[in-house]
Structure formats: structure tokens, C-alpha cells
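Quick caveat: nothing in here was measured; it's all calculated off a predicted structure. Whatever order the structure lists them in is the order used to number ligands and atoms, beginning at 1.
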Amino acid sequence: MKKDTKIVTAGRKSQWTNGVVNPSVVRASTVVFNSVKEMNNALVNTHNGTMIYGRRGTTTAFAFCDAMTELEGGAGCALYPSGTAAITNAILSFVKSGDHILMVDSVYEPTRDYCDKILTNFGIETTYYDPLIGAGIDALIKENTKIVFLESPGSITMEVQDVPAIAEVAHQKGCIVMLDNTWGAGINFNPFDFGVDISIQAATKYIVGHSDVMLGTATAIQEYWPQLRDNSYLMGQCTSPDDIYLALRGVRTIGVRLKQHQQSAMKVANWLAERKEVSTILHPAFESCPGHEFFKRDFTGSNGLFSFVLNCGNKAAINALLDGMEHFKMGYSWGGFESLILAINNIGSIRTVTQWPHKHALIRLHIGLEDVDDLIADLEQGFERFNQVLAG
Ligand SMILES: *Cc1c(COP(=O)(O)O)cnc(C)c1O
């Protein structure tokens with residue numbers, strides 16, 4: 001079955017949908033049983049779609065978990081109240097005191113902070129590595145290295161990692177390979193085909209797709225699924241069926257949404273590449289993006305999120321650019337239907353083992369579903385304000 005067909009059918013077995021197209025929103029804390037036998041049977045069938053207690057999820061969650069497993073692959077999917085909770089709980093489900101983690105230097109900042117501010121308290125040590133290290137990760141793997149964590153591409157600086165090369169070495173040394181697959185969204189990158197063991201997503205972004213729900217997912221191969229599922233459950237992770245319903249609705253249109261995000265983002269990036277104010281396009285589909293060759297080899301497409309680096313400017317000029325935008329709003333998220341813009345001056349300060357080679361600010365864009373010519377006109381006017389300030 002092709003991906004676009006899976007997007008429509010995934011998770012829709014009649015056990016969940018009960019004769020209509022979508023599964024119902026089943027809200028529950030208590031699940032009631034009519035006999036001792038029924039109650040005992042439910043306990044035996046804990047992982048086979050029998051409802052036991054609200055925290056373990058209702059049929060709404062079971063349908064979404066099935067859908068994510070069909071889209072990404074793997075043996076099962078655990079749900080979390082945010083992408084960050086998915087990352088922290090997936091890691092904590094597999095480490096103990098004295099263990100060591102290898103973490104990509106371009107990682108989402110809260111993931112870094114979790115390692116540095118929380119895992120350190122439990123005697124779990126993190127070493128950061130160059131996103132482009134590839135098979136060279138071998139030299140960093142220690143006796144006690146438990147997890148090699150990747151994020152590809154990095155969600156601000158966009159380095160694409162050689163996932164299969166890293167995974168091969170990590171597996172030789174008995175490490176678990178975890179990937180933050182939020183950019184690939186389970187659509188443009190199939191993590192389990194490239195050696196990933198656990199694929200994590202901020203479903204908050206493209207899966208939900210409408211900027212109105214926080215949600216995280218982690219799908220795992222059979223070898224790690226029971227431990228991920230059971231430990232996440234023990235840590236009390238559960239999510240609202242209303243939010244899950246919205247995520248399932250998001251799944252049904254993610255294929256067409258991503259194609260449009262991709263098409264518009266490519267047009268904007270090509271336009272930016274010709275601007276005199278721009279030094280580098282950091283879009284995985286561009287040769288100027290570190291790891292572009294791995295994008296070409298491993299991904300089936302891109303989306304609306306990319307960055308570019310300015311080749312001039314100062315704070316006042318960048319502020320003038322940002323403050324007057326009509327369609328690009330400033331915000332920390334991405335993956336919704338709307339366009340977003342963010343300027344970051346100090347990438348160097350969120351790196352510890354790699355040198356950030358650029359002198360001027362980075363601008364990250366999320367290209368939404370507006371008409372792309374309106375978006376380009378908005379950016380053009382932004383550069384006019386930028387240049388006016390620079391001209392003094
Ligand atoms: C947003 C994001 C997260 C965190 O997701 P939340 O739902 O905001 O907690 C993790 N990784 C990446 C790459 C993200 O963009």
C-alpha cells in the first residue's frame with residue numbers, strides 16, 4: 001500500500017470505528033465490568049485493545065496508536081502529552097544510573113536541557129556529537145553507552161544525518177538508536193528502514209497540523225516495544241481523547257498538506273537564494289545544506305520548515321524586518337497551516353562540540369498554506385525595511 005492510501009486507512013479497523021468513518025471520542029477514567037470473568041479477561045488482554053482504565057487509553061487512543069504504527073512502522077506506539085514528554089520518557093524508559101548517552105549537537109534545545117539538568121542528577125552522562133559524524137560515532141561509543149540519539153534534520157540548523165551509518169555502528173556496540181523524527185513526520189522519512197529502533201515525534205507539529213494540540217508519539221521495533229510501553233505507562237503518561245481525535249483528523253490530510261508546504265517552501269527558498277541579503281539556504285533539498293546528500297538518498301520529500309542565514313545586518317534591521325510582517329507571525333512552533341518566522345542570533349550558544357560557521361543571524365521560516373506569492377511579497381517588504389535601517 002502506498003503512503004497516501006495508508007494515510008486514509010490507517011487505524012480505521014471496525015473495532016475502533018464501530019460502523020462510522022472515524023473512531024468516537026471515548027472519554028473515560030473508569031471502565032466498568034459486569035462480571036468477575038469480564039474483568040479478569042480484560043486484564044489478560046491489556047495490550048489487545050480492551051479498555052481497562054482511562055490512563056491506559058480508550059479506543060480513541062488505540063485507533064491513533066494503530067495509525068501511527070501503520071504510518072511509521074514498528075511494533076507499537078506510545079502516546080505522551082507533548083513531544084518533549086515523548087523524548088524524555090522514551091530516554092528514561094531505557095537508562096539507569098551510570099549509563100551514557102550520545103546526543104546530537106544540533107538537537108532541539110529542551111532535549112539538551114533535559115540531559116544536562118535532569119539526567120545528570122541520576123548519574124547519567126551525555127556526550128554531544130557532530131550531526132555529520134556518520135560512522136565516526138564509533139570513536140565516541142563507550143562501554144556504558146546505552147542510547148545514540150539523533151534528530152535529522154536539526155529543526156533550526158537543518159543538518160541531515162547519515163542515519164544508517166550511525167545506526168549500523170551503534171547496533172554493533174549494542175546501543176539503542178532513537179530518532180526525533182518530527183521533521184520527517186512519519187511521511188517523508190521511514191525511520192525503521194534506516195536502522196532506527198525508536199522514532200519519536202512532536203505530533204504537535206505536522207501530525208496535528210493545525211496549531212491547536214500538544215501531543216507526542218514514540219514508535220518502537222518489537223525488541224524495544226514492551227519496555228517502552230510498560231515504562232511509559234509506569235511513569236503515568238497519558239493523553240486526552242479529544243486531543244488524540246484532533247491528531248487523527250490531522251493524519252487524514254497530512255499527505256496533501258505536506259505536498260503543498262513543500263511546494264511553497266521550495267519556491268520561497270529559491271527566491272531567497274537570489275537575494276543579496278542572504279548568504280546560505282539551510283533547506284535539506286539545497287546543496288548548501290549540510291548533509292544534503294543524505295536527504296537525497298533517504299527522504300521522499302520535504303515540508304514547510306527551513307532556515308536561511310543573512311549575510312549582513314544588525315539587531316535593529318532584523319527587528320524592522322520581523323516587526324512589520326503581515327503573514328509571517330513570530331512563534332516557536334511549526335507544522336500548522338500558518339506561516340511563521342523566527343530570528344536567532346546566537347546559534348553558537350546552543351552548540352557545545354561543533355563550531356557554528358556563520359557570522360550573521362539565522363532566520364527560520366515555516367511556510368504555511370497561504371498563497372506563496374503573498375508570502376514572497378511579505379518577505380520582499382521585510383527586506384526593504386531591513387535595508388532602510390541598514391542604510392541609516
Ligand atoms: C516542537 C519540537 C519538539 C517538542 O514538542 P512539544 O510538543 O512542543 O513538546 C521536539 N522536537 C522537535 C524537533 C520539535 O520541533
Side-chain angles (χ1 to χ4, degrees), residues 64 68 72 77-92 101 103-118 128 131 147 149-161 163 178-189 191 196 198-219 232 235 237-240 243-244 246-247 250-251 254 258 261 265 282-284 289 291 295 299 302-307 330-336 338-342 344 347 350-351 362 364-368:
F64 180 57
M68 289 303 294
E72 281 206 292
C77 174
L79 303 184
Y80 306 85
S82 68
T84 302
I87 292 164
T88 59
N89 281 271
I91 292 175
L92 200 54
I101 296 173
M103 179 60 69
V104 63
D105 204 28
S106 47
V107 76
Y108 183 64
E109 212 179 340
T111 306
R112 176 186 285 273
D113 291 344
Y114 168 69
C115 293
D116 295 349
K117 294 178 181 168
I118 292 188
Y128 293 89
I147 295 170
F149 196 103
L150 302 85
E151 179 181 317
S152 179
S155 64
I156 292 176
T157 44
M158 297 289 152
E159 299 90 340
V160 186
Q161 297 193 254
V163 178
M178 293 190 189
L179 168 74
D180 183 331
N181 192 31
T182 304
W183 195 89
I187 303 299
N188 288 326
F189 182 75
V196 171
I198 298 180
S199 173
I200 300 161
Q201 279 197 54
T204 309
K205 309 292 165 59
Y206 279 124
I207 296 286
V208 165
H210 294 72
S211 308
D212 50 4
V213 170
M214 306 295 301
L215 196 66
T217 62
T219 48
S232 295
M235 290 188 277
Q237 297 301 308
C238 70
T239 47
S240 137
D243 289 346
I244 295 168
L246 290 172
V251 164
I254 195 171
L258 284 188
H261 283 295
L282 297 174
H283 183 307
C289 187
F295 172 80
F299 283 71
S302 57
N303 60 40
L305 190 78
F306 71 95
S307 300
M330 282 175 267
Y332 286 108
S333 193
W334 51 277
E338 80 290 5
S339 289
L340 295 167
I341 189 166
L342 199 63
I344 303 175
I347 299 288
I350 47 172
R351 290 283 182 283
L362 172 149
R364 187 180 77 172
L365 298 178
H366 179 253
I367 304 301

Which ligand 1 atoms, with their elements, are less than 4.0 angstrom from a heavy-atom of [X]?
| X | answer |
| --- | --- |
| Ile87 | 10 (C) |
| Trp334 | 15 (O) |
| Met214 | 6 (P), 7 (O), 8 (O) |
| Asp180 | 10 (C), 11 (N), 12 (C), 13 (C) |

Side-chain heavy-atom pair [X], [Y] within 4.5 angstrom cut-off:
| X | Y | value |
| --- | --- | --- |
| Met214 | Asp243 | no |
| Val107 | Asp180 | no |
| Tyr80 | Ile87 | no |
| Leu246 | His210 | no |
| Cys238 | Leu79 | no |
| Trp334 | Leu342 | no |

Any nitrogen or oxygen of Glu151, main chain or side chain, under 3.5 Å from a nitrogen or oxygen of ligand 1?
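Checking ligand 1 against Glu151, no N or O pair falls under 3.5 Å apart.
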Could you check, using the six-membered ring where one of them is a Trp, whether Trp183 and Tyr206 have ring centers closer than 6.0 angstrom?
no
Taking non-hydrogen atoms only, is Thr84 closer than 4.0 angstrom to ligand 1 via side chain, backbone, both or neither?
both
Residue-level breakdown please: for Ser155 versus ligand 1, do any non-hydrogen atoms fall below 4.0 Å on the side chain, on the backbone, on both, or on neither?
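It is the side chain that touches ligand 1; the backbone stays farther off.
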Atom of Ala85, atom of Gln237 and distance for their closest heavy-atom approach
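Result for this residue pair: CB-OE1, 3.8 Å.
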At what distance is the nearest protein heavy atom to [atom], and which residue and atom is it?
| atom | answer |
| --- | --- |
| atom 1 (C) of ligand 1 | Lys205 NZ, 1.4 Å |
| atom 7 (O) of ligand 1 | Thr204 OG1, 2.6 Å |
| atom 5 (O) of ligand 1 | Ala202 CB, 3.1 Å |
| atom 6 (P) of ligand 1 | Gly83 N, 3.4 Å |

